[in-house]
Amino acid sequence: MRNLDEKTVTQAVIARNADTPNPRLHQVMTSLVQHLHSFAREVQLTEEEWDYGIDFLTRVGQMCSPTRQEFILLSDTLGLSTLVTAQNHRKPMGCTEATVFGPFHVQDAPRYDLGADISNGLSGSPWFVSGTVKSIDGAEIPHAILEVWQADDEGFYDVQNPEMAEHQGRAVLQADDHGAFNFKTIVPQAYPIPHDGPVGQMLQALNRHPWRPAHLHFMITAEGYERLVTHVFKEGCQYLDSDAVFGVRSSLVAEWVRHEAGIAPDGNLYETAFYTLEFDFILNPVRAA
Ligand code: BEZ
Ligand code: FE
């Protein structure tokens, strides 16, 4: 293994890895080396570009902290997250489609009873969200666990506020005996993904905007069903066809219905506008092993 050149180095690296004990790691590393070298050959990567790439990835790593995952943002904005989600969640027609997880889920969201106001004091237009969790055959799925999280009226998540004292706009709820759920919150706005770091600079260099269309996140789990991580997007939002992270699916876009005033689903009279959303989730049964 001497005198390797631009034609022979790829095979030499692959051969050096031949004794990898884990077969999956061996497969992944062989393919990674092949594609990485093909990329460098195809674009005839210069030393300055190689240097820039190393520096860029270094800055991505340095931007990471317990509350900021710049590598996930990089994966999201390069469409890798959507690709990995799509190829790991192929489902029968009719099931609710999955989309990207995003960086703003937390493990310790507060539990609420059905019907509760999960905004926990956020200001904004009142929004009443309801629906049913069902199986592909139409059967209601009782007691499914729904985790929901959302941006506020200005497009920020609670965890982006360094002064956050309590969680706002996120909840863990349990559907009733018939798979039905409902809660009150406020209408979230479209927002830009965090773009004050290297990923933001990359988007700028590519003449791309950082915005995501307005959406509400759901993670739904029920025994015997594949976990569903998805969003419901707002019909009519200006960023539906240019989501910075490529997460929009037509089946996940729904009307967030505006009501000028009147009796809302909570039985109270609202003198200003409020919104409603009804959305049913169809889970994919886990196939018997
Ligand atoms: C989100 O929807 O919360 C999100 C997804 C990807 C990147 C940034 C934010
Ligand atoms: Fe989000």
Side-chain angles (χ1 to χ4, degrees), residues 22-24 27-28 69 72 75-76 80-118 127-150 157 159 167 169-185 188 215-234 245-256 265 276-289:
N22 179 325
R24 176 63 176 167
Q27 180 192 12
V28 169
Q69 231 308 349
I72 294 185
S75 164
D76 293 342
L80 179 63
S81 306
T82 283
L83 170 59
V84 172
T85 299
Q87 68 186 5
N88 282 280
H89 297 279
R90 299 184 188 111
K91 301 176 200 220
M93 278 277 285
C95 284
T96 304
E97 295 184 274
T99 188
V100 292
F101 196 77
F104 296 126
H105 173 264
V106 304
Q107 295 294 344
D108 60 342
R111 286 192 84 98
Y112 286 95
D113 290 335
L114 293 177
D117 181 348
I118 69 149
W127 194 27
F128 296 89
V129 180
S130 61
T132 305
V133 184
K134 294 179 183 167
S135 184
I136 186 77
D137 63 1
E140 298 156 349
I141 302 176
H143 311 142
I145 301 289
L146 299 101
E147 290 188 50
V148 292
W149 63 105
Q150 66 167 102
Y157 286 80
V159 290
H167 284 306
R170 60 177 75 242
V172 181
L173 302 149
Q174 186 162 29
D176 70 11
D177 295 350
H178 299 287
F181 66 88
N182 68 309
F183 57 92
K184 180 185 176 188
T185 183
H215 59 272
L216 176 61
H217 291 259
F218 283 87
M219 177 159 74
I220 305 179
T221 44
E223 212 182 310
Y225 293 88
E226 190 186 316
R227 185 180 81 168
L228 173 65
V229 174
T230 195
H231 315 343
V232 180
F233 293 93
K234 183 180 183 184
V245 304
F246 306 98
V248 178
R249 317 211 51 84
S250 299
S251 68
L252 302 177
V253 179
E255 198 181 347
W256 300 11
T276 55
L277 167 68
E278 243 191 277
F279 199 88
D280 290 345
F281 294 94
I282 314 294
L283 303 193
N284 191 21
V286 176
R287 273 174 289 144

**Study point:** Ring geometry between His215 and Tyr157 (parallel below 30°, tilted from 30 to 60°, perpendicular above 60°)
**Key:** tilted
Note, His167 side chain near Val159 side chain (heavy atom, < 4.5 Å): yes
Between Ala98 and Thr85 the two heavy atoms that sit nearest each other are CB-CG2, 3.9 Å
Closest non-hydrogen contact found for Val133 with Ala144 is CG1-CB, 4.0 Å
Q | Heavy atoms from other residues, nucleotides or ligands near CD of Glu223 exceed 12 (cutoff 6.0 Å) | A | no
Taken in chain and number order and not counting sequence neighbours, the residues that satisfy ring pair (Phe, Tyr, Trp, His ring centres under 6.0 Å) with Phe279 are Phe281
Taking every heavy atom of Thr82 against every heavy atom of Val100, the minimum-distance pair comes out as OG1-CG1, 3.5 Å
Across all chains, not counting sequence neighbours, the salt bridge (charged side-chain N to carboxylate O under 4.0 Å, His left out) partners of Lys184 are none
Within a strict 4.5 Å, meaning less than it, do heavy atoms of the Val129 and Phe218 side chains meet?
-> yes
Problem set entry | Thr99 side chain vs Gly247 backbone, donor-acceptor pair below 3.5 Å | yes
Check: Is there side-chain contact between Ile145 and Val172, with heavy atoms separated by less than 4.5 Å?
Finding: yes
CG of Asp176 to OG1 of Thr132, rounded to nearest 0.5 Å, is 8.0 Å
Applying ring pair (Phe, Tyr, Trp, His ring centres under 6.0 Å) to Phe246 and not counting sequence neighbours gives none
When rounded to the nearest 0.5 Å, the distance separating CG of Leu252 from NE2 of His231 is 8.5 Å
Item checked: Contact check, side chains of Arg227 and Val229, non-hydrogen atoms, under 4.5 Å -> yes
Those residues at least two apart in sequence (or on a different chain) that pass side chain to side chain contact (heavy atoms under 4.5 Å, CB included) with Pro265 are Phe128, Phe274, Thr276
Here the pair of heavy atoms bringing Ile136 nearest to Met93 is CD1-O, 3.4 Å
* With a 4.5 Å heavy-atom cut-off, do Phe183 and Ile118 have their side chains touching? -> yes
- Query: Do the side chains of Thr96 and Leu283 get nearer than 4.5 Å, heavy atoms only?
  - Reply: no
Residue set satisfying side chain to side chain donor-acceptor pair (under 3.5 Å) with Ser251, at least two apart, ordered chain then number -> Glu97
Contacts of His105 meeting ring pair (Phe, Tyr, Trp, His ring centres under 6.0 Å) (sequence neighbours excluded), chain-then-number -> Phe101, Trp149
For residues 276-285, the salt bridge (Lys or Arg N to Asp or Glu O under 4.0 Å) pairs (sequence neighbours left out) are Lys134-Asp280
Tyr225 meets the side chain to side chain donor-acceptor pair (under 3.5 Å) criterion, sequence neighbours left out, with Ser135
So salt bridge (Lys or Arg N to Asp or Glu O under 4.0 Å) across residues 107-118, not counting sequence neighbours, yields none
Sorted by chain and number, sequence neighbours left out, side chain to side chain donor-acceptor pair (under 3.5 Å) with Ser130 holds for none
With sequence neighbours left out, the residues meeting side chain to side chain contact (heavy atoms under 4.5 Å, CB included) with Asp177 are His143
Close side-chain approach of His89 to Thr230, heavy-atom, < 4.5 Å: no
With sequence neighbours left out, the residues meeting side chain to side chain donor-acceptor pair (under 3.5 Å) with Asp137 are none
Correct closest heavy-atom pair for Glu226 and Val286 would be N-CG2, 3.5 Å
Note: Leu114 and Ala175 closest approach over all heavy atoms is CD1-C, 4.3 Å
